[in-house]
Amino acid sequence: MASNLDGDRLLAVFEALRATHGPQDWWPAQTPFEVMVGAVLTQNTSWTNVEHGLKNLATLGALTAPAILALPEPELADRLRPVGYFNVKARRLRAFCAAYLAHGGLEGLSRLATPELRHRLLAIQGVGPETADDILLYAFDRPVFVVDAYTRRLLSRLGELDGNEGYETIRQGLETALGRDVALFNEYHALIVRHAKEVCRTRPRCGVCCLAELCAGRQG
DNA sequence: TACCAGGAGAAAA
DNA sequence: TTTTCTCATGGT
């Protein structure tokens, strides 16, 4: 079902979200590398927790790959304690930094075509589809739609999914339906997260169902 | 107090 | 191959 998503309907949802929340200007980071670090740290964790961890690293002057790798893993884990899953994430962040440098850093990775870059990101221990796509979209400006739990819930509520689609099926379905538009994908994912956090959380068991209601209202 | 959060990988079935 | 379990702190 996800291979035949309704692009016009999805654009109507986007317009409704943008009218409600305005531009989001994601990702909240100073550099592409900081986007990548944040993408790893935010796995199954609220952004406020991630901010504490990023602040700890910044205080140490450790927001570069060499600086992170220079920290012993136990110390890195201790700095990441506010993030949650700190032992796991210390290991994953070090693996990411090692791969980042091995591939020539930002310059080396930027030279790769999107499919190859995605393949190499997914080969890093601790980088799954969503994290890789966060990095591709927000650090490298590649036209990749980030499919998170909110996106799945929204599409399900809209009746665009039957619930059995895998990550790749949904991602490719969205990219086909919406066209490969970096600016659109950037704002759309940010708006879904913003709406889910600010609006849906105030409505018990809402999920992102009110997005569907919002869209239905716009369409009449 | 209980639940959830911008997942991923390993282990078990 | 698919499902279940583990990782863990901070905010509401």
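Source: prediction; values computed, not measured. Every chain is numbered from 1, with letters handed out A, B, ... down the list of sequences.
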Within residues 16-37 of chain A or reaching into it, pairs that qualify as salt bridge (charged side-chain N to carboxylate O under 4.0 Å, His left out) - sequence neighbours excluded: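 For residues 16-37 of chain A: A:E15-A:R18.
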Modelled atom types, side-chain donor and acceptor of A:T59 and A:N56, under 3.5 Å: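 Checked: A:T59/A:N56 side chains show no N/O donor-acceptor pair below 3.5 Å.
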Within residues 122-146 of chain A, residues whose heavy atoms come under 4.0 Å of DNA chain B: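 Going residue by residue through residues 122-146 of chain A, the ones with a heavy atom under 4.0 Å of DNA chain B turn out to be A:I124, A:Q125, A:G126, A:V127, A:G128, A:P129, A:E130, A:T131.
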Options C:dG10, C:dA8, B:dA8, nucleotide nearest the side-chain atoms of A:N87: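 Nearest to the side chain of A:N87 among the choices is C:dA8.
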Atom pair CG/OH of A:L10 and A:Y188 - distance to nearest 0.5 Å: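 So the CG of A:L10 and the OH of A:Y188 are separated by 4.5 Å.
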Interatomic distance, A:L136 atom CG to A:D141 atom CG [nearest 0.5 angstrom]: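 It is 10.5 Å, given to the nearest 0.5 Å.
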Gap between atoms [atom1] and [atom2], on [X] and [N] respectively (whole Å):
X	N	atom1	atom2	answer
A:Y85	B:dC4	OH	P	12 Å
A:R91	B:dG7	CZ	P	18 Å
A:D78	C:dA8	CG	P	13 Å
A:E198	B:dA5	CD	P	15 Å
A:N44	B:dG7	CG	C1'	6 Å
A:R92	C:dT6	CZ	C1'	10 Å
A:L121	B:dG9	CG	P	12 Å
A:F86	B:dA5	CZ	P	21 Å

A:E160 and A:R9, any side-chain heavy atoms less than 4.5 Å apart: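 Contact flag for A:R9/A:E160 side chains = yes.
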Sugar-phosphate, base or nothing in reach of A:V88, heavy atoms under 4.0 Å: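 Sugar-phosphate, backbone atoms only, no base.
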A:N49 versus A:T45, closest heavy-atom pair with distance: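 Closest pair (atom of A:N49, atom of A:T45, distance): CB-CG2, 3.5 Å.
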Derivation and outcome, side-chain hydrogen bond (donor to acceptor under 3.5 Å, both in side chains), residues A:D134 and A:T131: CA-CA 5 Å; A:D134 271 334; A:T131 304; 5.4 Å; no
A:T45 or A:H52, whichever maps to the more 5' nucleotide of DNA chain C: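 Mapping each residue to its closest nucleotide by heavy atoms, the 5'-most match is A:T45.
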P spacing across the pair C:dA8 / B:dA11, given as an integer number of angstrom: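 It comes out at 15 Å once rounded to the nearest Å.
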